Amino acid sequence: MAESLNLVASINHTLRSELRKNERLRLVGYDIGPVGGMFRATENLFEEFGEDRIIDTPLTENGILGMAVGMAIAGDRPVVEMQFLGFMYNAWGQFIYHLANLHQKSGGAFKVPVTIRAVFGGGIKPLPFHSESTEAWFMHTPGIRVVCPSTPRQAKGLLLSALRCDDPVIFLEHAKLYRAFREEVPEEEYLLPLDKCRLVQEGSDLTLLTWGNMVHVSTEAVNKMDASIEIIDLVSLAPLDIEPILESVRKTGRCIIVHEARRTAGPGAELIALINEYALEWLKAPIKRVTGFDVAFPDTSTEEFYLPNVERITYALEAVLGFEF
Amino acid sequence: MAESLNLVASINHTLRSELRKNERLRLVGYDIGPVGGMFRATENLFEEFGEDRIIDTPLTENGILGMAVGMAIAGDRPVVEMQFLGFMYNAWGQFIYHLANLHQKSGGAFKVPVTIRAVFGGGIKPLPFHSESTEAWFMHTPGIRVVCPSTPRQAKGLLLSALRCDDPVIFLEHAKLYRAFREEVPEEEYLLPLDKCRLVQEGSDLTLLTWGNMVHVSTEAVNKMDASIEIIDLVSLAPLDIEPILESVRKTGRCIIVHEARRTAGPGAELIALINEYALEWLKAPIKRVTGFDVAFPDTSTEEFYLPNVERITYALEAVLGFEF
Amino acid sequence: MGKLKWPERRPQEDFERILSPEGELVGERPAIDDAELLRWHEVMVKTRMLEDMGVRLQRRGVFSVAGGGPGEEAIGVGAGAALNPGDWLHPSYRQNASLLYWDIPLDRTFGALLGHAPEHVRAHLPLDPADAPKVKLTPYAVFLGAHIPVAAGTALTDKLNKRDHVSLAFIGEGATSEGDFHDGLGLAGVLKAPLVVVIANNGWSISIPSSRQTAAETFAQKAVAHGIPHRRVDGNDVFAVYSATKAGVDAARAGQGACVIEAVSYRMTSHNTADQADIYRDDTELEYWAQRDPIDRFEKYLTKCGLLDNTYKEAQRERIDIELRNAVNRALEIPATPADTMFLNHLHGDPGWLFKHQQEELAAEIAGKNPFMDFDGSGLGKGE
Amino acid sequence: MGKLKWPERRPQEDFERILSPEGELVGERPAIDDAELLRWHEVMVKTRMLEDMGVRLQRRGVFSVAGGGPGEEAIGVGAGAALNPGDWLHPSYRQNASLLYWDIPLDRTFGALLGHAPEHVRAHLPLDPADAPKVKLTPYAVFLGAHIPVAAGTALTDKLNKRDHVSLAFIGEGATSEGDFHDGLGLAGVLKAPLVVVIANNGWSISIPSSRQTAAETFAQKAVAHGIPHRRVDGNDVFAVYSATKAGVDAARAGQGACVIEAVSYRMTSHNTADQADIYRDDTELEYWAQRDPIDRFEKYLTKCGLLDNTYKEAQRERIDIELRNAVNRALEIPATPADTMFLNHLHGDPGWLFKHQQEELAAEIAGKNPFMDFDGSGLGKGE
Ligand SMILES: Cc1ncc(C[n+]2csc(CCOP(=O)(O)OP(=O)(O)O)c2C)c(N)n1
Ligand SMILES: Cc1ncc(C[n+]2csc(CCOP(=O)(O)OP(=O)(O)O)c2C)c(N)n1
Ligand SMILES: [Mg+2]
Ligand SMILES: [Mg+2]
């Protein structure tokens with residue numbers, strides 16, 4: 001049995017099935033109760049599971065994150081909804097100090113199985129600070145896992161794994177993907193590994209590394225090209241599943257990275273650094289980064305010029321494919 | 001006229017001279033008044049300038065940063081002392097939302113001339129979270145300048161420039177350097193550019209990029225080597241003064257980067273990415289990163305194994321110098 | 001059986017009130033002349049019409065989102081009117097009435113709703129300095145609560161520089177749960193900053209009712225944590241809001257430090273056009289609050305005073321409608337924000353080679369040239 | 001003329017008190033048997049001796065920093081004693097007495113002071129499970145205030161899982177200025193979490209006196225912001241601290257939600273061994289507080305009750321001294337923490353290729369091999 005679901009419906013479905021199965025799972029956040037979340041990810045869960053499982057809270061991201069850590073060490077499995085990733089800046093203290101660190105700081109005495117579902121990414125023309133992409137900061141933070149699904153089916157398997165993982169997991173849900181398309185999502189349970197990238201399509205001329213909504217934008221660009229391009233959906237931003245990535249670049253000798261985050265000190269920088277360290281000899285061209293610019297995410301009137309699009313990706317593909325030393 | 005001063009004395013001296021000159025300058029933070037700061041950077045300033053200029057506050061980093069932004073837009077020039085950089089995680093909301101962004105968000109209507117003096121770096125064996133190095137996060141943040149002095153004389157010129165700059169400046173003071181050595185610091189005023197790197201020593205075989213205390217550790221390592229190594233003190237982490245860096249790498253063809261921060265998605269990644277983008281053809285070897293490991297800064301008993309040291313830097317120099325395609 | 005919802009708690013009416021819902025004076029009318037009272041009324045009506053228009057234009061797809069505070073106009077006007085020129089006003093998205101009281105240019109407001117960058121809007125809708133708002137305004141805080149420490153800062157700097165000014169900040173009752181709120185009040189308390197914080201308690205924070213927001217009986221009492229005086233007023237009574245705020249502003253100006261005022265009102269609509277309140281709340285409370293509408297109440301009073309009649313009101317509506325339409329039209333004539341605007345106002349002076357390189361990349365892209373052709377740091381301009 | 005300093009404000013003595021500074025009962029003695037009272041005394045004395053020893057060892061260079069709360073022992077013991085086994089205790093660095101009350105292993109404490117990683121200390125100082133502390137302990141929050149939301153979380157989970165347990169957190173008065181404090185109390189208030197927060201107001205936050213920390217008269221009243229009941233007690237009176245905390249704990253356990261207790265005391269020493277209080281405060285207050293010392297006071301009472309005499313006290317000192325020395329000696333025998341320990345306990349399961357690569361790099365380095373010889377991702381082990 002499978003249902004045709006979009007990303008947000010798949011998440012809702014997955015949360016519901018795990019809530020039924022594991023009574024220690026509790027959702028925590030504001031506007032997740034009767035209203036079912038601003039994007040309806042928690043729709044109808046309040047009615048089925050009640051206020052002790054779907055915990056609608058006051059408006060304090062820092063408090064929510066800290067409380068979730070406390071709940072986790074006391075034996076619950078809290079799932080925090082971060083209404084928008086940008087609001088997590090308010091919770092940075094609890095994020096670093098407790099969420100990412102308590103397991104290590106306690107010498108392993110405590111584990112912190114908290115999943116943070118955060119809405120991220122641009123393209124829905126919202127208010128300032130509602131389109132953030134802070135993957136790079138997460139990658140620089142030890143003690144956490146960071147995953148980002150790009151399809152409804154994948155989302156289910158990853159979210160289930162996150163909900164059962166003993167580590168804190170940042171689960172990045174791209175706002176633009178929530179209702180972008182539907183996919184058959186099997187009714188039954190299945191787990192996808194949290195730390196493995198996904199080969200979107202094989203190719204031999206160039207490796208394209210990306211994740212989230214950019215998987216789709218990139219695929220569109222690639223489909224318009226003649227060249228044979230390998231697309232890898234990173235899926236896991238932390239830890240990086242680097243071996244298949246290096247393998248691919250060793251095969252193709254060319255690479256571009258596509259992400260929405262700002263360029264400088266962004267996630268792409270680390271990927272380039274690793275390819276430099278472990279696959280430099282195989283490179284036939286510099287790696288190019290197709291990214292947002294080093295600016296505050298712009299007002300809605302110009303966000304389309306900030307976000308990587310099919311044309312920009314195509315330019316980068318052409319430039320790198322055409323380069324000869 | 002010049003005085004022989006260590007780093008913390010140079011900072012004290014510079015703050016005093018600017019406090020005398022500009023009555024809009026106000027220091028803000030806790031433990032900066034009668035006690036003169038945990039490291040004595042503000043020693044005796046309270047007595048000379050009083051409580052309205054040296055503003056001892058309650059214990060709220062987030063409140064302090066936000067208040068400083070308010071003071072700045074109302075015409076003051078606040079200088080915040082962040083007792084330890086790690087405490088700034090508590091102020092991440094105000095940091096991103098107001099400090100780094102209000103100028104842009106207001107379309108230039110407001111400027112935010114706030115200097116944040118933050119004690120950072122490892123090696124003094126303090127408590128957990130007192131040895132942080134979050135340069136990479138700052139580099140990924142538009143709207144701020146980030147500078148890091150490595151000597152007392154340089155500190156004066158940079159700090160004066162920061163205090164007079166119309167942008168928010170993160171001024172990173174390395175704890176281990178505070179009392180490490182003295183240098184002649186001229187009595188009279190001088191300004192050093194906030195956005196220029198410093199050539200520590202010229203060389204032709206390899207370019208070593210670093211900043212802060214690692215400038216000194218690296219120099220020690222380099223001095224033990226036979227090769228001709230160019231050392232560049234980055235000084236400005238944001239914006240990066242990339243041209244002389246690229247120029248140097250194009251000349252030497254080899255490079256290592258030394259920093260205390262964790263490796264993954266750390267500051268070194270961006271430097272490698274840029275060299276890849278704009279100087280790949282000149283590279284004779286992969287660039288290696290001599291860094292802290294991807295772990296929480298360890299307990300004092302093992303911090304020496306975390307921090308890059310002369311031996312580790314030497315290994316990297318040898319490896320990269322010895323590499324042939 | 002209906003959907004499961006959080007229970008609403010109707011707030012105690014033991015607050016300060018001067019004008020009853022029936023438009024009767026039940027306390028002392030503040031010393032305000034008739035002309036100013038009519039201005040208050042005008043601003044309240046204009047605010048409601050502005051927000052109505054915003055919602056209509058959002059429905060037509062002109063704005064991506066719109067909102068407002070119908071039913072909360074007395075808070076913005078009453079508190080805003082307590083300020084002097086030169087004071088700081090730190091608004092919230094909900095208190096448009098305070099901005100209109102201080103004559104923010106409506107065309108620019110619509111320009112922002114269209115998603116244009118502020119520098120672009122300003123450039124295309126120039127303003128005679130004489131028409132500029134006379135209070136100092138910050139952009140409203142998208143990060144809820146983050147403006148409270150900033151407001152403590154503007155207040156402190158005015159005080160330390162011996163300027164005779166105060167800072168006033170509006171905040172929703174929900175946002176008082178953010179640590180920022182306490183951070184700012186704690187500092188203002190200790191530093192005796194001339195800060196007045198007006199909590200607009202409209203009962204809801206999107207889908208969270210105030211009963212789920214705090215276990216405290218009132219939001220005003222949060223000030224107790226910081227040794228700051230507090231008052232609680234009927235937020236639909238413009239006289240009560242004004243009097244309490246004016247007393248707070250005067251005390252702050254006189255060197256007595258900060259204060260907090262809770263103005264009790266109700267969010268009569270959804271949170272904004274992206275929200276659907278009927279999912280999570282019943283309309284049982286709406287009638288109760290409709291009977292307490294701040295404009296109705298004030299109009300009853302003004303009518304009794306002989307200051308208002310239907311002819312006046314009709315003419316007023318027409319006048320405002322034209323003003324709003326003109327403003328919308330001017331805003332609609334703003335050309336598209338140039339893409340390059342996103343690079344403005346990050347750093348003063350030289351933004352550095354990399355930043356300029358990115359600007360060039362975007363320019364190349366827009367010009368149809370390949371922005372990725374720089375492989376050696378020699379710059380662009382040679383693409384395609 | 002002396003150095004410019006912040007004025008100290010001696011706190012009002014209008015708090016709850018049961019045992020006068022002279023050791024007289026001025027209220028109702030809690031129902032505690034004599035043996036337990038002697039245990040309280042023992043813990044208080046042991047705490048002071050432990051902290052003394054820490055300071056001495058720091059002076060000799062054994063520890064890099066040490067501190068403690070001489071003069072605040074009644075807070076830790078009085079509040080700690082109000083807990084049941086299985087309850088959560090979220091300590092602060094200042095309230096060692098609460099930890100000693102619950103029998104934390106002293107050798108491990110010294111091991112941590114030596115800078116060893118906790119997993120290493122535990123491995124080298126094994127503990128019979130029967131000797132493990134009977135309350136659940138978190139590592140104290142180095143980020144001040146950060147443990148309050150966490151404590152709200154442990155309390156909530158115990159409640160939701162219908163466990164009969166409460167959570168107790170200690171916090172300094174300075175740390176109550178952090179947003180975290182309010183974040184946690186706000187949540188606990190709304191969610192009726194069985195959380196008891198004990199504010200140890202010792203007058204100082206490093207160099208900031210409480211008069212500069214808040215404009216509020218008391219720290220207890222911060223609870224008003226969250227609709228949480230609060231009490232304020234003589235923090236040097238172990239009976240008062242115990243009674244108030246016990247009442248709070250009982251109420252929380254009975255489903256009545258959170259409460260806040262301010263225990264008023266004084267920091268008799270510098271902040272820690274890295275601090276020099278004489279730079280920023282006069283010793284004028286010290287004598288006042290010395291007369292109110294919690295151990296003296298309790299000993300006067302116990303002596304009057306015939307439970308204590310000099311012989312007992314001398315034997316006690318000797319017994320504790322030996323216990324402490326043995327613990328220190330065991331801690332000193334812990335071998336150096338292996339460098340690789342820093343890699344432990346980050347993620348469960350596979351930490352990934354890069355992480356393991358870094359582990360190998362460090363291992364290579366320690367083995368005297370060049371850790372940078374992997375240029376193709378084939379791994380290390382071929383260095384030099
Ligand atoms: C830090 C932060 N968290 C969450 C949000 C999302 N958000 C926007 S408005 C709102 C509700 C605010 O309620 P309240 O403060 O009562 O103001 P009201 O909308 O009722 O005027 C929320 C949760 C935000 N903008 N900022
Ligand atoms: C978030 C944070 N800010 C600052 C510090 C540095 N610091 C350590 S102890 C201390 C004073 C705390 O005072 P108080 O809460 O009164 O506790 P006390 O030391 O008096 O017991 C400060 C500022 C810290 N550890 N964490
Ligand atoms: Mg509200
Ligand atoms: Mg204290």
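The structure presented is a predicted model; accordingly, all values stated were derived computationally and were not measured. First the proteins, then the strands, lettered A, B, ... as listed; each starts at 1.
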| Nearest atoms (heavy-atom pairs only) where D:F181 meets D:A175 | CB-O, 4.2 Å
| request: Looking only at non-hydrogen atoms, find the nearest pair between B:L307 and B:E260 and report the distance. | output: CD2-OE1, 3.5 Å
| Top of B:I32, B:V320, B:V290, B:I124 for chain D proximity - count of heavy-atom pairs under 4.5 angstrom | B:V290
| chain D contact via B:T314 - which portion, at a heavy-atom distance below 4.5 Å | neither
| task | Please determine, by modelled atom types, if B:H130 and B:Q83 share a side-chain donor-acceptor pair under 3.5 angstrom. | result | no
| note | The interface call for D:P351 against chain B, heavy-atom contacts under 4.5 Å, is neither
| task | Pick one of side chain, backbone, both or neither for B:N62, based on which atoms fall under 4.5 Å of a heavy atom in chain D. | result | neither
| For the candidates B:M38, B:K125, B:E51, which exhibits the highest count of non-hydrogen atom pairs separated by less than 4.5 Å from chain D? | B:E51
| Any donor-acceptor N or O pair under 3.5 Å, side chains D:D275, D:Y280 | yes
| query | Does any heavy atom of chain D fall under 4.5 Å from the side chain of B:E43, the backbone, both, or neither of them? | reply | neither
| task | Using heavy atoms and a sub-4.5 Å threshold, report which of residues 57-65 of chain D line up against chain B, by residue number. | result | D:S64
| task | May I ask you to name which of D:L114, D:L362, D:L144 has the most heavy-atom pairs under 4.5 Å with chain B? | result | D:L362
| Portion of D:L344 that has a non-hydrogen atom of chain B nearer than 4.5 angstrom | neither
| task | Run the ring-centre check on B:F95 versus B:Y97 and record whether the distance is less than 6.0 Å. | result | no
| message | As an exercise: rank B:T300, B:N44, B:D299, B:T60 by heavy-atom pairs under 4.5 Å with chain D and give me the winner. | response | B:D299
| message | B:E48 vs B:R20, test: salt bridge (Lys or Arg N to Asp or Glu O under 4.0 Å). Steps then yes/no. | response | CA-CA 9 Å; B:E48 181 171 346; B:R20 285 182 184 158; 2.6 Å; yes
| message | With chain D as the partner, which of B:R263, B:E311, B:E61 has the greatest number of non-hydrogen pairs under 4.5 Å? | response | B:R263
| task | Sort out for me which of D:P118, D:G145, D:S177 touches chain B most, counting heavy-atom pairs under 4.5 Å. | result | D:S177
| message | For the residue pair B:T264 / B:D294, report whether a side-chain donor-acceptor contact shorter than 3.5 Å exists. | response | yes
| request: Name the option with the most non-hydrogen atom pairs under 4.5 Å to chain B; the candidates are D:Q358, D:H271, D:Q276. | output: D:Q358
| Do we see a donor-acceptor contact under 3.5 Å between the side chains of D:H120 and D:T341? | no
| message | Looking at B:E324 and B:R254, is any side-chain nitrogen of the basic one under 4.0 Å from a carboxylate oxygen of the acidic one? | response | yes
| Side chain / backbone / both / neither for B:F297 at chain D, heavy atoms under 4.5 Å | neither
| Is the distance between the ring centroids of D:F372 and B:Y315 less than 6.0 Å? | no
| query | Given a strict heavy-atom distance threshold of 4.5 Å, which part of D:A336 is in contact with chain B: side chain, backbone, both, or neither? | reply | neither
| Part of B:R40 within contact of chain D (heavy atom distance under 4.5 Å) | side chain
| note | B:P128 meets the side chain to side chain contact (heavy atoms under 4.5 Å, CB included) criterion, sequence neighbours left out, with D:V142
| Test item: side-chain donor near acceptor, B:T252 and B:E230, under 3.5 Å | no
| message | Go through it in stages, so that I can follow the logic: the residues are B:Y306 and D:F343, the test is ring-ring contact (aromatic ring centres under 6.0 Å, His included), and I'd like the CA-CA distance, side-chain angles, deciding distance and then a yes or no. | response | CA-CA 10 Å; B:Y306 172 88; D:F343 289 101; 9.1 Å; no
| request: May I ask you to check whether D:E173 and D:T176 show a side-chain donor-acceptor distance below 3.5 Å? | output: no
| task | Find the one option among B:F46, B:F87, B:F129, B:Y30 whose heavy-atom pairs under 4.5 Å with chain D are most numerous. | result | B:F46
| Under 4.5 Å from a heavy atom of chain D, the part of B:A296 involved | both
| Pair B:R312 + D:E361: basic N to acidic O under 4.0 Å | no
| Most heavy-atom pairs under 4.5 angstrom with chain B, which of D:A117, D:A146, D:A274? | D:A117
| Given the options B:L59, B:I256, B:L127, B:N90, which has more heavy-atom pairs under 4.5 Å with chain D than any of the others? | B:L59
